[in-house]
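The chains referred to below are lettered A, B, ... by the order of the sequence lines, with proteins before strands, and numbering in each begins at 1. Scope of the values below: all heavy atoms of this structure, side chains included, with no hydrogens, waters or symmetry mates.
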Amino acid sequence: MNLNKIPEKLIDEKGLRIDGRKLDKLRPIKLEVGVLNNAEGSAYVEQGRNKLVVGVYGPRETHPKHMIIADRAVVRCRYRMTPFSTEERKNPAPSRREMEISKVIREALEPAIMSEYYPRTTIDIFIEILQSDGGTRCASVTGAALALADAGIPLKDIISSCSFGKADGKIILDLSDAEDKYGEADVPVAIMPNFNYITLLQMDGELTIDEFNKGLDMIMKACMEIHDLQKEALKQKYTQNDK
Amino acid sequence: MSLIVEKRTLVIPGQLIAEGDFVPGENAYKREDKIYSLRLGVFDLINKKPTVVPLKGFYFPRAGDIVIGQIKSVEVFGWIVEIYSPYSALLQSTNRSKYRRDEKETRKEIRVGDLIKAKIVASDRSRDPLLTIQEKGLGVISSGKNVRISPPKVPRLIGKEGSMINMLKKETSCKIFISHNGVVLVSGPSENEEKLALWAIKRIEAEAHTSGLTERISEDIRNARKKGDLNFES
């Protein structure tokens, strides 16, 4: 499929989307924990054609020293797209968009991290996008939560994330790149499943209140589904070693 | 009061582990009469407190622990020591060995890059931990080999009432010291014996969660010795 061609229709007569999914279906997700040897915690995520690696370091000493917070750990996050992750080569220099997403991901993860346990230290999260196809920020949050747990950092909950949106007038789940670009709205959401807290909520485009509520119901279910996959991935790492 | 998961099961962060009038133990927290796990680990009830014993993690300094660290730098007040934890430790010159009164001499004794065995005298989250070497057996390490293992695996390497470590000492005839921050110091009669011990320690770390490990390791050591295959370069 050539993404440079603008699709005429995002949803066909049978109610299927351009990649053949139903409106409320997630893309296939593959989660793997502990893929990097040198990072304290790491995770690999595939969500449809999105591929990314997350590495977590810390808690470790804060440098530069002026960044120290006296009563909790500093959480730093870097989201980066590799030059080969997009259709056209991406300039490797950090862009405005990457910096914004880094901040948004950090703020989505921070409520779950017990940063007050390790004051004056730093927790570093590095996210590398190897291949992108819409919804990388949500996949990054999902992966970063796993990597944090793998690093042994105290977490209140494992954060799960996904997006919903609107295309051809219908509310759809887990947007791909084309649906994001040519659809009417895109709403990434991250939740703390045990608490029913929303830690990330952005909206691009326009939705009515009814549409928004419908999407929110959809996303809650989807995030729970992702949460189950996350639990499985974490447990699997420690049971497969038994053999 | 009821436990949601059974003892010795694997729990993940945010998992509900107990309900009711419990006091949360380590790596657990309470919210509205429910106890949740904070870390990836094995659930246990210690002193009636729901506790999670972590599988992976880092060393958090506590007063009274014996640690092995490396001198990072020399300062006006003493030395900064890397103890492989989120905080680096301070060794003040007033806490140097009792038997060396001369300040200049001590400065020569403890140099950047040296490994030292020290005891933590004070540690809280608001300041870097303080070390002392004013006790028997503490100070600069002058001989032996060392290897670092993951701190949560330290209890496994010691074993129940020291069963694992005593077996290792017997089988390899090495002196083995395990510090709380996961540095293991091995000194033996020959280089091969030391290598054998290091190899066994690395295996114990990798297979820490399997059962019957003590017997298996001791058997493997004997087999390796029988074969005369004592090359453990890896």
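Residue contact with chain A, scored on non-hydrogen atoms closer than 4.5 Å, involves the side chain of B:L55 exclusively. Using a 4.5 Å cut-off between heavy atoms, B:E207 does not touch chain A at all.
Note that the CD1 atom of B:I12 and the NE2 atom of A:H227 stand 5.5 Å from one another [nearest 0.5 Å]. Distance check, rounded to the nearest 0.5 Å: CG of A:L155 to CD of B:Q15 gives 13.5 Å. Here A:E40 contributes atom CD and B:K56 contributes atom NZ; the two are 8.0 Å apart, rounded to the nearest 0.5 Å.
For residues 30-53 of chain B, the pairs satisfying side chain to side chain donor-acceptor pair (under 3.5 Å) are B:N27-B:R39, with sequence neighbours left out.
For residues 140-153 of chain A, the interface with chain B (any heavy-atom pair closer than 4.5 Å) comprises A:A149, A:D150, A:A151, A:G152, A:I153, sorted by residue number. Among residues 211-223 of chain A, no residue has any heavy atom closer than 4.5 Å to a heavy atom of chain B. Residues of residues 104-114 of chain A lying under 4.5 angstrom from chain B, judged on non-hydrogen atoms, are A:M114 by number.
Ring geometry for A:Y118 versus B:F58: interplanar angle over 60°, hence perpendicular rather than tilted (30 to 60°).
Not a single donor-acceptor pair under 3.5 Å links the side chain of B:Y87 to the backbone N or O of A:E61.
For the pair B:D128 and A:R120, the minimum side-chain heavy-atom distance is below 4.5 Å.
Annotation for A:R72: atom CZ does not count as buried by contact number, only 12 or fewer foreign heavy atoms lying within 6.0 Å. The neighbour count for A:K65 NZ, taken as heavy atoms of other residues, nucleotides or ligands under 6.0 Å away, is above 12. Within a 6.0 Å sphere centred on CD of A:E100, heavy atoms belonging to other residues, nucleotides or ligands number more than 12.
Between B:P13 and the choices A:N194, A:I158, A:I159, the side-chain contact (heavy atoms from CB on, under 4.5 Å) rule is met once, by A:I158.
Ion pairing of B:R125 with A:D71 is absent here, as no side-chain N (NZ or NE/NH1/NH2) approaches a carboxylate O to less than 4.0 Å.
Between chain A and the options B:S150, B:P54, B:G41, B:S126, heavy-atom pairs under 4.5 Å are most frequent for B:S126.
Checked against the 6.0 Å centroid criterion, the rings of A:Y117 and B:F60 do not qualify as a close aromatic pair.
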